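Some notes on the structure that comes next.
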Amino acid sequence: MKKLLLASTATALLAGAASAEDIKLGVILGFTGPIESLTPSMADGAELAMKEVTDSGKLLDGSTVTPVRADSTCVDSAAATAAAERLITAEGIKGIMGADCSGVTGAILANAAVPNGIVMISPSATSPALSTAEDNGLFFRTAPSDARQGQVMADVLMEEGISSVALTYTNNDYGKGLADSFQSAFEAAGGTITISAAHEDGKADYSAEVASLASAGGDRLVVAGYVDQGGSGIVRAALDSGAFDTFHFPDGMIGAKLEENFGGEIDGSTGQHPGTDSEGATMFVDLVGGAFDATSPFTPESYDAAALILLAMQAAGSSDPAAYKEKIMDVANEPGEKIYPGELGKALELIAAGTDIDYVGATAVELIGAGESAGNYRQIVFEDGKIATVKFR
């Protein structure tokens with residue numbers, strides 16, 4: 001009888017080992033392009049979650065997770081789609097952490113993810129249009145829609161006593177969606193938009209655009225652009241010409257590069273980006289331990305995006321996107337034991353034992369509607385050439 005039991009145990013162990021996989025996840029971000037200064041820490045955040053899960057040995061009978069990076073460029077939809085198709089067909093990825101910018105995210109979703117049944121969780125694509133995109137239940141995001149950010153922008157400016165602004169936005173899905181959302185909210189609050197004008201990225205000279213903005217006037221210039229591209233070009237031209245000396249920046253403009261580019265020249269400028277002062281945010285900073293910038297925009301969201309994919313796999317008992325897509329909302333929301341950064345191994349154990357979890361993560365995750373973040377924001381101001389936190393909303 002004892003020999004029979006030993007044989008059965010060995011058979012079970014072999015079966016478990018045989019079912020373990022090396023699960024590949026795509027990390028598709030704009031490693032080149034207008035937010036290239038933000039994406040290294042975003043990728044590091046996502047890959048930290050993957051390493052944490054692999055090191056635990058508790059995912060799907062000891063499966064490991066391997067990240068596979070690809071460049072979305074942030075702006076070239078054809079290149080982004082080709083990169084995603086390569087990861088799907090040649091690398092056999094089981095999900096995508098990404099993409100980053102809204103236009104390329106929509107392109108990958110429509111042209112690669114949906115046709116191939118691949119789950120995507122974006123940490124930073126914020127266009128309101130993505131809320132109603134045809135996604136077959138495959139698309140989620142840990143950053144809130146710009147429908148929410150537009151309202152927050154309006155609230156910040158009105159509370160600052162700024163009731164008249166000029167507005168410029170990068171000429172793509174992200175810029176246009178955010179500009180429209182902000183204008184609607186600001187005007188509803190009694191504010192005036194003196195001009196709303198698109199700008200193109202990649203130009204050497206933005207003096208003509210700034211001349212039009214200056215002619216319209218306003219107490220502050222709102223720049224809904226990219227910190228590594230035309231947004232910074234607009235700011236430089238405005239400063240050099242004396243057209244504006246304070247600005248308001250949404251998420252695509254906020255990062256260490258903004259401090260490097262302008263320092264004290266833009267003191268008094270304001271802005272906001274997704275962020276929270278939750279317990280999980282502090283735990284994430286401690287977990288990272290200085291290995292990369294844990295507070296850089298969309299970096300905590302990237303950790304959470306990767307974590308949700310892997311926890312959903314455990315809940316489904318499968319790495320098949322068709323199966324685990326149904327579990328993402330379950331692991332992200334109440335009810336269940338709350339899970340924070342550094343606790344992914346614990347979460348995998350709980351799920352395997354049949355216990356519900358509520359993944360709070362680094363950004364106080366709560367997915368609503370069709371699977372997008374309810375939204376928290378960090379309000380900032382420039383002081384002595386540095387980004388300082390005013391409060392969280």
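As the structure is a computational prediction, the values presented were derived from the model and not from experiment. Here, residue 1 is the first one in the sequence, and each next residue gets the next number.
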Just checking, any donor-acceptor pair under 3.5 angstrom between side chains of T73 and D71? no
Same cluster or not: I195 versus V223, using hydrophobic residues (I, L, V, M, F, W, Y) connected whenever any side-chain heavy atoms lie under 4.5 Å apart? yes
Determine, stepwise, if the pair H248 / Q272 fulfils side chain to side chain donor-acceptor pair (under 3.5 Å). CA-CA 8 Å; H248 188 84; Q272 75 289 313; 2.7 Å; yes
Would you say the side-chain atoms of Q149 and H273 include a donor-acceptor pair closer than 3.5 Å? no
Indicate, with yes or no, if the rings of F284 and Y303 have centres closer together than 6.0 Å. yes
Tell me whether T66 contacts the main-chain N or O of K24 through its side chain, where contact means a donor paired with an acceptor under 3.5 Å. no
Considering only heavy atoms from C-beta outward, does the side chain of T168 approach that of E209 to under 4.5 Å? no
Spell out, as yes or no, whether a donor-acceptor pair under 3.5 Å connects the side chain of T39 to the backbone of M42. no
Report the distance from atom CD1 of I387 to atom OG1 of T270, rounding to the nearest 0.5 Å. 12.0 Å
Between D44 and R69, is the salt bridge (Lys or Arg N to Asp or Glu O under 4.0 Å) condition met? List the steps. CA-CA 11 Å; D44 287 341; R69 293 189 181 190; 3.4 Å; yes
Given 3.5 Å as the limit, does a donor-acceptor pair link the side chain of Q183 with the main chain of D180, or not? no
S318 side chain to D320 backbone, donor-acceptor under 3.5 Å: yes
Note, V165 side chain near F182 side chain (heavy atom, < 4.5 Å): yes
Should E343 and K338 be marked as a salt bridge (Lys or Arg N to Asp or Glu O under 4.0 Å) after you check the CA-CA gap, both sets of side-chain angles, and the distance that decides it? CA-CA 10 Å; E343 297 183 343; K338 295 188 183 304; over 6 Å; no
In terms of hydrophobic clustering (I, L, V, M, F, W, Y; side-chain heavy atoms under 4.5 Å; direct or indirect links), are I309 and V68 co-clustered? yes
Could you give me the CA-CA distance, side-chain angles and deciding distance for F140 and M120, then say whether side chain to side chain contact (heavy atoms under 4.5 Å, CB included) is met? CA-CA 6 Å; F140 305 82; M120 295 176 67; over 6 Å; no
Does the separation of the ring centres of Y174 and Y226 fall below 6.0 angstrom? yes
Heavy-atom closest pair, residues I93 and G26: CG2-N, 3.7 Å
Please report the shortest heavy-atom distance between S164 and T194, naming the atom on each side. OG-CG2, 3.4 Å
Say whether S102 and S127, considering side chains only, have a donor N or O and an acceptor N or O under 3.5 Å apart. no
I'd like to know if the side chain of E383 and the backbone of G264 have a donor-acceptor N/O pair within less than 3.5 Å. no
Examine the side chains of T295 and D293 and answer whether a donor and an acceptor come within less than 3.5 Å of each other. yes
Do you know which two heavy atoms are closest between Y359 and L344, and how far apart they sit? CE1-CD2, 3.8 Å
Taking atom OG1 of T64 and atom CG of D55, what is their separation to the nearest 0.5 Å? 10.5 Å
Start with the C-alpha distance between V235 and N261, add both sets of side-chain angles, then the distance that settles side chain to side chain contact (heavy atoms under 4.5 Å, CB included), and finish with yes or no. CA-CA 10 Å; V235 174; N261 288 346; over 6 Å; no
Tell me yes or no: between the side chains of R393 and Q379, is some donor less than 3.5 Å from an acceptor? yes
With sequence neighbours excluded, what pairs up with E260 under the side-chain hydrogen bond (donor to acceptor under 3.5 Å, both in side chains) test? none
Apply side chain to side chain contact (heavy atoms under 4.5 Å, CB included) to residues M158 and I162 and explain how you reach the verdict. CA-CA 5 Å; M158 295 302 284; I162 304 296; over 6 Å; no
From T105 OG1 over to L130 CG, what is the distance, rounded to the nearest 0.5 angstrom? 6.5 Å
Between D146 and S181, do the side chains contain an N or O donor and an N or O acceptor separated by less than 3.5 Å? no
Closest non-hydrogen atoms of A112 and I88, given as atom of the first, atom of the second and distance, are O-CD1, 3.8 Å
Pair D304-T142, side chain to side chain donor-acceptor pair (under 3.5 Å): steps then yes or no: CA-CA 7 Å; D304 287 345; T142 51; over 6 Å; no
Between the CG atom in L310 and the CD atom in Q314, the distance rounded to the nearest 0.5 Å is 9.5 Å
Could you see if V365 belongs to whatever hydrophobic cluster contains Y377? Use Ile, Leu, Val, Met, Phe, Trp, Tyr and a side-chain cutoff under 4.5 Å. no
May I ask you to say whether E372 pairs ionically with R148, meaning some side-chain N is under 4.0 Å from a carboxylate O? no
D135 side chain to G137 main-chain N or O, any donor-acceptor pair under 3.5 Å? yes
Walk me through whether E301 and R141 qualify under salt bridge (Lys or Arg N to Asp or Glu O under 4.0 Å). CA-CA 9 Å; E301 288 83 0; R141 46 183 170 176; over 6 Å; no
Does one hydrophobic cluster hold both V227 and V75, with members joined at side-chain heavy-atom distances below 4.5 Å? no
Hey, does the side chain of S278 reach the backbone of T363 with a donor-acceptor pair shorter than 3.5 angstrom? no
Is it true that a side-chain atom of T81 and a backbone atom of A78 form a donor plus acceptor pair closer than 3.5 Å? no
Nearest heavy-atom approach of A332 to D358 is O-OD1, 3.2 Å
Euclidean distance, M253 CE relative to Q229 CD, rounded to 0.5 Å: 11.0 Å
Nearest-0.5 Å distance, OG of residue S232 to OH of residue Y206: 9.5 Å
Heavy-atom check, side chain of I118 versus side chain of K94, under 4.5 Å: no
Just say parallel, tilted or perpendicular for the rings of F247 and F249, cut-offs at 30° and 60°. parallel
Is the shortest heavy-atom distance from the side chain of R378 to the side chain of K391 under 4.5 Å? no
So do the side chains of M97 and S302 get within less than 4.5 Å of each other, counting heavy atoms only? yes
Should L25 and V114 be regarded as members of a common hydrophobic cluster, given that ILVMFWY residues are connected when their side-chain heavy atoms come within less than 4.5 Å of each other, either directly or indirectly? yes
Got more than 12 heavy atoms from elsewhere within 6.0 Å of CG, D245? no
Checking R220 against L157 for the side chain to side chain contact (heavy atoms under 4.5 Å, CB included) test, could you report, in this order, the C-alpha distance in whole Å, the side-chain angles of both residues, the deciding distance, and whether it holds? CA-CA 9 Å; R220 191 160 292 180; L157 287 164; 4.1 Å; yes
Looking at E36, is its backbone amide N or carbonyl O close enough to the side chain of D228 to form a donor-acceptor pair, meaning the two atoms are under 3.5 Å apart? yes
Where do G103 and S77 come nearest, in terms of heavy atoms and distance? O-OG, 3.8 Å
A quick test of your reading: do over 12 heavy atoms of other residues, nucleotides or ligands sit less than 6.0 Å from CG of D384? no
Would the distance check show the side chain of E259 and the main-chain N or O of G385 forming a donor-acceptor pair, the cut-off being under 3.5 Å? no
Are D100 and S124 linked by a side-chain donor-acceptor pair shorter than 3.5 Å? no
